[in-house]
Amino acid sequence: MPGSPRPAPSWVLLLRLLALLWPLGLGEACSCAPAHPQQHICHSALVIRAKISSEKVVPASADPADTEKMLRYEIKQIKMFKGFEKVKDVQYIYTPFDSSLCGVKLEANSQKQYLLTGQVLSDGKVFIHLCNYIEPWEDLSLVQRESLNHHYHLNCGCQITTCYTVPCTISAPNECLWTDWLLERKLYGYQAQHYVCMKHVDGTCSWYRGHLPLRKEFVDIVQP
């Protein structure tokens, strides 16, 4: 209909949402709630391993009055772990150009490989930001790499709670307490690198350390 406003593209709406979520007093900062790698994998629509071929600054929308910019990364997809039902092969990923809007800076034209998690928008574009789990592939532990195929996906019914101070206790039987920040003062410490919150047949959840034979108390865990 002539003169009627055009709907904003979905990635523009995401940019505006990120702007609304800025913490007060942190105008130039991007702040994200902590999440264990397993939570990131469970809550992401897309999980892939990829190399970055090139980057380009592009308009956030077709509206000439919109001054927002996006970074468009051309990628070489190596493996997809999640998102098969939404996209078959990812050629481009998009992120806010402005770091205060949680834009992600990746190394292009290098041999570095990344684990990328993100959203698939209604128009099929893949959108990532700093609150997603984005790590150089070489920095992932062997347990993390192997859990991408099975363990993380099959245990999304478990809840993981970040412990900041003591006392820190579970509030539900399907809950695991994540203590990396409490014990090591960093998010992705030993627990994030080597443990999976796994579900028992009775619905309860417990930490399981990968690459160790299952102890007697874990024999009822549902294994992939």
Side-chain angles (χ1 to χ4, degrees), residues 9-15 17-18 32-33 35-56 58 60 70-96 102-104 106-108 110-160 174 176 188 192-199 201 203 205 208 210-211 221-224:
S10 50
W11 69 88
V12 177
L13 296 178
L14 272 176
L15 282 174
L17 177 61
L18 287 172
C32 308
H36 187 276
Q38 180 172 332
Q39 293 172 289
H40 280 292
I41 302 306
C42 289
H43 297 155
S44 297
L46 183 86
V47 181
I48 60 173
R49 176 183 178 184
K51 291 170 60 175
I52 312 302
S53 302
S54 64
E55 65 177 67
K56 183 178 182 180
V58 298
M70 301 282 286
L71 265 179
R72 186 186 73 186
Y73 289 109
E74 183 178 5
I75 71 166
K76 178 183 179 182
Q77 179 178 302
I78 298 171
K79 184 172 184 179
M80 181 177 290
F81 300 97
K82 186 178 180 182
F84 305 97
E85 73 285 358
K86 296 181 179 294
V87 290
K88 300 303 180 184
D89 185 64
V90 181
Q91 183 178 4
Y92 298 107
I93 55 175
Y94 295 80
T95 191
C102 299
V104 181
L106 303 174
E107 289 186 24
S110 74
Q111 295 302 309
K112 180 176 283 191
Q113 299 179 17
Y114 290 93
L115 175 70
L116 304 172
T117 70
Q119 294 79 40
V120 180
L121 307 180
S122 58
D123 57 7
K125 288 185 172 64
V126 175
F127 183 86
I128 65 172
H129 52 75
L130 283 176
C131 294
N132 297 127
Y133 189 57
I134 298 169
E135 291 287 322
W137 184 258
E138 63 183 12
D139 291 349
L140 300 178
S141 70
L142 186 57
V143 170
Q144 288 175 310
R145 296 181 189 186
E146 293 186 346
S147 296
L148 291 169
N149 288 308
H150 300 292
H151 285 37
Y152 287 155
H153 302 291
L154 295 181
N155 293 282
C156 289
C158 295
Q159 302 298 316
I160 300 176
N174 69 331
C176 292
Y188 302 131
Q193 294 172 344
H194 300 287
Y195 283 81
V196 178
C197 183
M198 296 188 73
K199 194 171 219 177
V201 293
C205 294
Y208 165 65
H211 290 299
I221 287 180
V222 178
Q223 284 290 329

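The first residue in the sequence is number 1, and the count goes up from there.
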- Say whether, by atom type as modelled, one donor and one acceptor occur between the side chain of Asp123 and the main chain of Lys125 under 3.5 angstrom. yes
- Candidate pair Ile41 and His153, rule side-chain contact (heavy atoms from CB on, under 4.5 Å), full reasoning: CA-CA 7 Å; Ile41 302 306; His153 302 291; 3.7 Å; yes
- Query: Do any N or O atoms from the side chain of Tyr114 and from the backbone of Glu107 form a donor-acceptor pair under 3.5 angstrom?
  - Reply: yes
- Task: Could you pull out the closest heavy-atom pair between Met198 and Asn155, with the gap in Å?
- Result: CA-OD1, 3.3 Å
- Query: Is there side-chain contact between Gln144 and Pro37, with at least one heavy-atom pair below 4.5 Å?
  - Reply: yes
- Message: With a 4.5 Å cut-off on side-chain heavy atoms, are Glu146 and His151 touching?
- Response: no
- Query: Below 2.5 Å, is that where the SG pair of Cys158 and Cys205 sits?
  - Reply: yes
- Taking C-beta and beyond as the side chain, do Phe127 and Met70 meet within less than 4.5 Å on heavy atoms? yes
- Task: Starting at CG of Asp139, measure out to NZ of Lys112 and round the result to the nearest 0.5 Å.
- Result: 7.0 Å
- Item | Trace of the disulfide bond (SG atoms under 2.5 Å apart) decision for Cys197 with Cys176 | CA-CA 6 Å; Cys197 183; Cys176 292; 2.1 Å; yes
- What distance do Arg72 atom CZ and Gln91 atom CD have between them, rounded to the nearest 0.5 Å? 8.0 Å
- On a heavy-atom basis, the closest approach of Val87 and Gly124 is CG1-O, 4.0 Å
- Pairwise distance NE2(His129) to OG1(Thr117) - rounded to 0.5 angstrom: 8.5 Å
- Can you find a pair of side-chain heavy atoms, one from Val126 and one from Ile75, that are under 4.5 Å apart? no
- Task: Could you walk me through whether Arg145 and Trp137 pass side-chain contact (heavy atoms from CB on, under 4.5 Å), step by step?
- Result: CA-CA 8 Å; Arg145 296 181 189 186; Trp137 184 258; 3.5 Å; yes
- Are any of the side-chain heavy atoms of Gln39 and Tyr133 separated by less than 4.5 Å? no
- Residue set satisfying salt bridge (charged side-chain N to carboxylate O under 4.0 Å, His left out) with Lys76, at least two apart, ordered chain then number -> none
- Between Ser147 and Tyr152, is there a donor-acceptor pair closer than 3.5 Å when you use the side chain of the first and the backbone of the second? no
- Between Ile93 and Val104, is a side-chain contact (heavy atoms from CB on, under 4.5 Å) present by the stated rule, with each step listed? CA-CA 11 Å; Ile93 55 175; Val104 181; over 6 Å; no
- Query: Between Ser141 and His194, does a side-chain contact (heavy atoms from CB on, under 4.5 Å) hold up when you go through it step by step?
  - Reply: CA-CA 7 Å; Ser141 70; His194 300 287; 4.1 Å; yes
- For Ala50 and Leu116, which heavy atoms make the closest approach, and how far apart are they? CB-CD1, 4.2 Å
- Note on the structure: Distance col, row Tyr73:OH vs Ile128:CD1, nearest 0.5 angstrom, shows 7.0 Å
- Would a distance-only check, ignoring hydrogens and angles, find a side-chain to backbone donor-acceptor pair under 3.5 Å from Gln77 to Val90? yes
- Task: Search all heavy atoms of Asn149 against all heavy atoms of Lys79 and return the closest pair with its distance.
- Result: OD1-NZ, 3.1 Å
- Item | Separation of Thr95 OG1 from Asn132 CG (nearest 0.5 Å) | 8.0 Å
- Query: For Ser54 and Ala108, which heavy atoms make the closest approach, and how far apart are they?
  - Reply: CA-CB, 3.9 Å
- Message: To the nearest 0.5 Å, what is the distance between CD on Gln119 and NE2 on His43?
- Response: 12.0 Å
- Task: With disulfide bond (SG atoms under 2.5 Å apart) as the test, would you mind laying out the steps for Cys156 and Cys42 before giving the verdict?
- Result: CA-CA 6 Å; Cys156 289; Cys42 289; 2.0 Å; yes
- Item | Side-chain heavy-atom pair Glu138, Gln113 within 4.5 angstrom cut-off | no
- Query: Can you name the nearest heavy-atom pair linking Lys82 to Ser44, along with the distance?
  - Reply: NZ-O, 2.8 Å
